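What follows is a single structure, written as structure tokens, with notes after it.
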Amino acid sequence: MITRRDPDAGLARWAALESTSRGRQHPEPPAGYRSQFQRDRDRIVHSSAFRRLVYKTQVFVNHEGDMYRTRLTHSLEVAQIGRSVAAALALSEPLTEAICLAHDLGHTPFGHVGQDALNDCMREFGGFEHNLQSLRVVDELEDRYAEFRGLNLTFETREGILKHCSPANARRLGELGRRFLHGEQPGLEAQLADLADAIAYSHHDLDDGLRSGLVSIDELRGVALFARHHDEVRARYPELGGRRQVGEIVRRMIGDVVTDLIEETARRLAALPPESIDAVRARPDPVVGFSAATAPLHRELKDFLRARLYQHEHLHATRLGAARILRGLFTAFLDDPERLPAEHGELARQLAAGAGMAGRARAVADYVAGMTDRFAIQEYARLNGVPPAC
Ligand code: MG
């Protein structure tokens with residue numbers, strides 16, 4: 001006999017409660033020994049798209065070094081930050097974790113360069129949005145359950161995965177797309193997962209950027225948040241240098257912004273306080289957020305990384321190579337869908353039967369987006385009869 005704990009016990013009334021969940025698209029019996037949001041998280045961890053994140057780029061291409069973040073380690077770090085904050089605010093930890101682990105499932109190989117290239121390829125076929133693709137992965141593309149397509153996740157997890165959406169796609173998505181048309185918000189766990197992502201990538205990209213040598217401590221001293229913690233660490237541990245000094249600075253920076261996020265959000269919640277998750281959803285602005293003092297500091301860090309790391313000239317050749325590979329793969333499979341593996345070829349036929357060339361292009365984009373960095377490099381080489389290179 002399994003005694004289940006009440007999954008809503010101890011949560012704030014404005015949290016995503018399982019008792020008021022909008023449920024799954026295909027109703028299922030209770031999850032037995034797990035709560036509904038724990039079941040969502042577990043399905044995400046067991047998905048093939050999640051496993052493939054290990055070989056997808058965060059900033060540096062996967063083969064450039066084993067010490068850099070990948071999409072998988074990034075997703076785990078986002079989940080760690082998200083869970084810590086959720087616990088501190090009496091929000092649902094398993095739901096926050098599920099959203100964080102799934103948020104990048106739709107990412108193409110080669111990070112944002114790959115996404116831009118695929119979006120260009122798909123321009124006349126409805127475009128490619130990586131965030132919408134994450135939803136498509138969990139709703140349609142994962143293929144492992146007898147009774148439904150996708151992972152059949154709860155509305156709350158799907159709501160959190162879909163962070164952005166164009167009006168045209170929002171209209172197509174019904175209830176899930178509603179908030180993008182009416183200026184409403186998702187639940188607090190979704191708002192939190194979005195900021196946990198931003199905190200994780202900005203600090204970890206900074207860490208990887210320093211490790212790569214593409215940015216220096218001297219340059220970073222122009223970023224107020226970094227300079228403050230750099231000074232503090234230097235004053236307290238004057239002998240400390242190298243990676244250990246960087247580690248100490250970065251952990252203090254993360255601790256600083258996470259503490260601010262918790263305190264500011266708790267303050268806003270106390271001032272409101274919302275009656276329920278639906279009251280949170282009906283608000284015109286997010287409730288989870290940084291204080292007026294910290295928001296510009298975090299933005300300054302993100303702006304620095306965009307200008308000095310993501311656009312770094314030493315990554316230029318890699319970016320060009322990655323874009324060439326994605327365009328080459330897309331064109332090759334669109335021109336000759338017989339080259340697709342059987343399952344994807346079948347999907348291309350099904351989608352083409354309903355939407356013609358746009359349907360075929362969507363199936364090709366699904367296949368290419370699902371590739372890991374190294375598989376994309378190998379496939380490009382195989383299709384072009386040349387040795388793998390990027
Ligand atoms: Mg992310």
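Indexing begins at 1, ligand by ligand and atom by atom, following the structure's order. Since we're looking at a predicted model, the values are computed, not measured.
- Both cation-pi conditions hold for Arg43 and Tyr145: the charged atom is under 6.0 angstrom from the six-membered ring centre and inside a 45 degree cone around its axis.
- For Glu156 and Ser21, the side-chain atoms include at least one donor-acceptor pair closer than 3.5 Å.
- Shown here are the ring-ring contact (aromatic ring centres under 6.0 Å, His included) partners of His204, two or more places apart in sequence or in another chain: there are none.
- Excluding waters, the set of protein N/O/S atoms under 2.8 Å from the Mg ion (ligand 1) reads His74 NE2, His103 NE2, Asp104 OD2, Asp197 OD1.
- For Glu28, the CD atom is densely surrounded, since the number of other residues' heavy atoms within 6.0 Å is greater than 12.
- For Phe155, there are no ring-ring contact (aromatic ring centres under 6.0 Å, His included) partners at least two apart in sequence or on another chain.
- Taking Gln115 as the reference, His107, Thr108, His112, Phe128, His130 meet the side-chain contact (heavy atoms from CB on, under 4.5 Å) condition, with sequence neighbours excluded.
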